[in-house]
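Here is the structure we will look at, set down as structure tokens.
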Amino acid sequence: MTVPVIAIDGPSASGKGTVAARVASELGFHLLDSGALYRLTAVAAMQAGIALDDEAALEVIAVSLNVRFADSMTWLSGAEVSEQMRGEAASVGASKVAVFAGVRQALLARQQSFRRLPGLVADGRDMGSVVFPDATLKVFLTASVEVRAQRRYKQLIEKGLSANLESLSQDLRERDERDRNRVCAPLVQLPDAILLDTSSMPVNAAVQHVLDAWEKVKAG
Ligand code: CDP
């Protein structure tokens, strides 16, 4: 039996992580946060003193990542890195290591191993194009740069961190460019994906849209 997959792709800070987690919990499906694996590769490389442009060494790091996810926490080689992997250095590092074909290939089987019954919700940039091209439902979830920058600004301020809206927008634009223009597995809106622009849509509504689309696909 083919295990169903809902692939949710989109740019940084579009809210796809939150939507994916909520959809997975509503359906009782497993969840793959593929960005976490790129972040962990960057964290492991930084810990080992490996340059983020050393493709061969990064590939070795990615293949041998010793990761454990449990109870919303993450361990890398036995040490908890939940906070660190969400930080700015891991985030920028992730988008740098993610350009390398060797790194992406090294993480491919690991991502596909999350596909287990009763189903999987996978979020990232290439879930529908490369990792699960046969996904049952493909969603391209996006929002304008302004809205995404506002959302990230709010998150940082709520965490008690300092933030600057202008530099956040700039950072998102640069990250979008890197994700869209890279040679290997660029971020694209696939022709068979449904488009969900959440610029003026609350999270609940976005979740409901995906659940409705899922019902429709299941009904054939
Ligand atoms: O959405 P955000 O950039 O905040 O974080 P993320 O989803 O955890 O992804 C971190 C970085 O990993 C992204 O900037 C992408 O460059 C990269 N990534 C990727 O290339 N392919 C994926 N399937 C997921 C993430």
Side-chain angles (χ1 to χ4, degrees), residues 5-21 31-46 52-53 55 58-59 61-62 65 67 69 72 74 81-115 120-133 135 138-143 145 147-156 159 161 163 168-190 193 198:
V5 175
I6 301 179
I8 305 185
D9 289 303
S12 273
S14 55
K16 61 191 183 327
T18 311
V19 172
L31 177 69
L32 166 63
D33 167 6
S34 61
L37 296 174
Y38 291 94
R39 287 166 182 271
L40 288 165
T41 301
V43 170
M46 291 187 278
L52 297 184
D53 60 358
E55 180 169 9
L58 289 170
E59 197 179 319
I61 290 274
L65 268 191
V67 184
F69 298 107
S72 312
T74 307
V81 291
S82 320
E83 279 288 309
Q84 198 186 344
M85 69 177 277
R86 292 285 147 215
E88 201 45 29
S91 185
V92 173
S95 87
K96 290 188 175 157
V97 305
V99 302
F100 295 119
V103 170
R104 304 196 73 87
Q105 186 58 37
L107 295 175
L108 188 61
R110 196 187 289 259
Q111 294 176 81
Q112 290 169 336
S113 72
F114 281 72
R115 186 174 195 167
L120 174 71
V121 181
D123 101 69
R125 305 295 192 284
D126 61 343
M127 298 297 96
S129 57
V130 176
V131 183
F132 305 109
K138 298 180 185 179
V139 179
F140 188 81
L141 199 149
T142 189
V145 169
V147 168
R148 290 187 279 133
Q150 284 281 0
R151 288 180 186 159
R152 185 137 289 173
Y153 179 81
K154 198 166 153 249
Q155 270 175 359
L156 292 170
K159 274 193 197 162
L161 299 168
L168 284 173
S169 302
Q170 185 56 28
D171 179 57
L172 283 174
R173 280 196 188 92
E174 284 169 13
R175 209 170 296 187
D176 285 357
E177 284 271 296
R178 260 206 299 269
D179 283 349
R180 289 208 165 97
N181 297 329
R182 69 179 172 221
V183 176
C184 189
L187 174 66
V188 283
Q189 185 188 332
L190 297 167
T198 68

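Note: hydrogens, waters and symmetry copies are ignored here, and every other heavy atom, side chains too, is used. As the structure is a computational prediction, the values presented were derived from the model and not from experiment. Both counts, for ligands and for their atoms, begin at 1 and track the order of listing. For this chain, numbers begin at 1 and follow the sequence in order.
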### Task
Before giving the answer on side-chain contact (heavy atoms from CB on, under 4.5 Å), spell out for Leu31 and Phe69 the whole-Å C-alpha distance, their side-chain angles and the decisive distance to 0.1 Å.
CA-CA 11 Å; Leu31 177 69; Phe69 298 107; over 6 Å; no
### Message
Can you confirm whether the side chains of Arg175 and Ser95 place a donor and an acceptor under 3.5 Å from each other?
### Response
no
### Query
Do you see a donor-acceptor pair shorter than 3.5 Å between the side chains of Arg86 and Ser91?
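Ser91 and Arg86 do not have a side-chain donor-acceptor pair below 3.5 Å.
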### Message
Looking at every non-hydrogen atom in both residues, tell me the closest pair between Arg110 and Ser113 and how far apart they are.
### Response
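Smallest heavy-atom distance, with atoms named: O-OG, 2.7 Å.
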### Message
Please determine whether side-chain contact (heavy atoms from CB on, under 4.5 Å) holds for the pair Leu141 and Asp9, giving the CA-CA distance in whole Å, both sets of side-chain angles, and the decisive distance to 0.1 Å.
### Response
CA-CA 6 Å; Leu141 199 149; Asp9 289 303; over 6 Å; no
Could you check ligand 1 for N or O atoms lying under 3.5 Å from protein N or O atoms and list the pairs with distances?
unit_1, atom_1, unit_2, atom_2, d
ligand 1, 1 (O), Lys16, NZ, 3.4
ligand 1, 1 (O), Arg125, NH2, 3.4
ligand 1, 3 (O), Ser12, OG, 2.4
ligand 1, 3 (O), Arg125, NH2, 3.0
ligand 1, 4 (O), Arg39, NH2, 3.3
ligand 1, 4 (O), Arg152, NH2, 2.9
ligand 1, 5 (O), Arg39, NH2, 2.8
ligand 1, 7 (O), Arg125, NH1, 3.3
ligand 1, 8 (O), Arg39, NE, 2.6
ligand 1, 8 (O), Arg39, NH2, 3.3
ligand 1, 14 (O), Arg125, NH2, 3.4
ligand 1, 16 (O), Asp179, OD1, 2.7
ligand 1, 20 (O), Arg104, NH1, 2.8
ligand 1, 20 (O), Arg104, NH2, 3.4
ligand 1, 20 (O), Arg182, NH1, 2.9
ligand 1, 20 (O), Arg182, NH2, 3.0
ligand 1, 21 (N), Arg104, NH2, 3.0
ligand 1, 23 (N), Ser34, OG, 2.9
ligand 1, 23 (N), Arg125, N, 3.2
ligand 1, 23 (N), Asp126, OD1, 2.9

Sequence neighbours excluded and cut-off under 3.5 Å, please list the side-chain donor-acceptor pairs for residues 98-106, or say none.
unit_1, atom_1, unit_2, atom_2, d
Arg104, NH1, Ala98, O, 2.8
Arg104, NH2, Tyr38, OH, 3.3
Arg104, NH2, Asp126, OD1, 3.4
Arg104, NH2, Asp126, OD2, 2.9

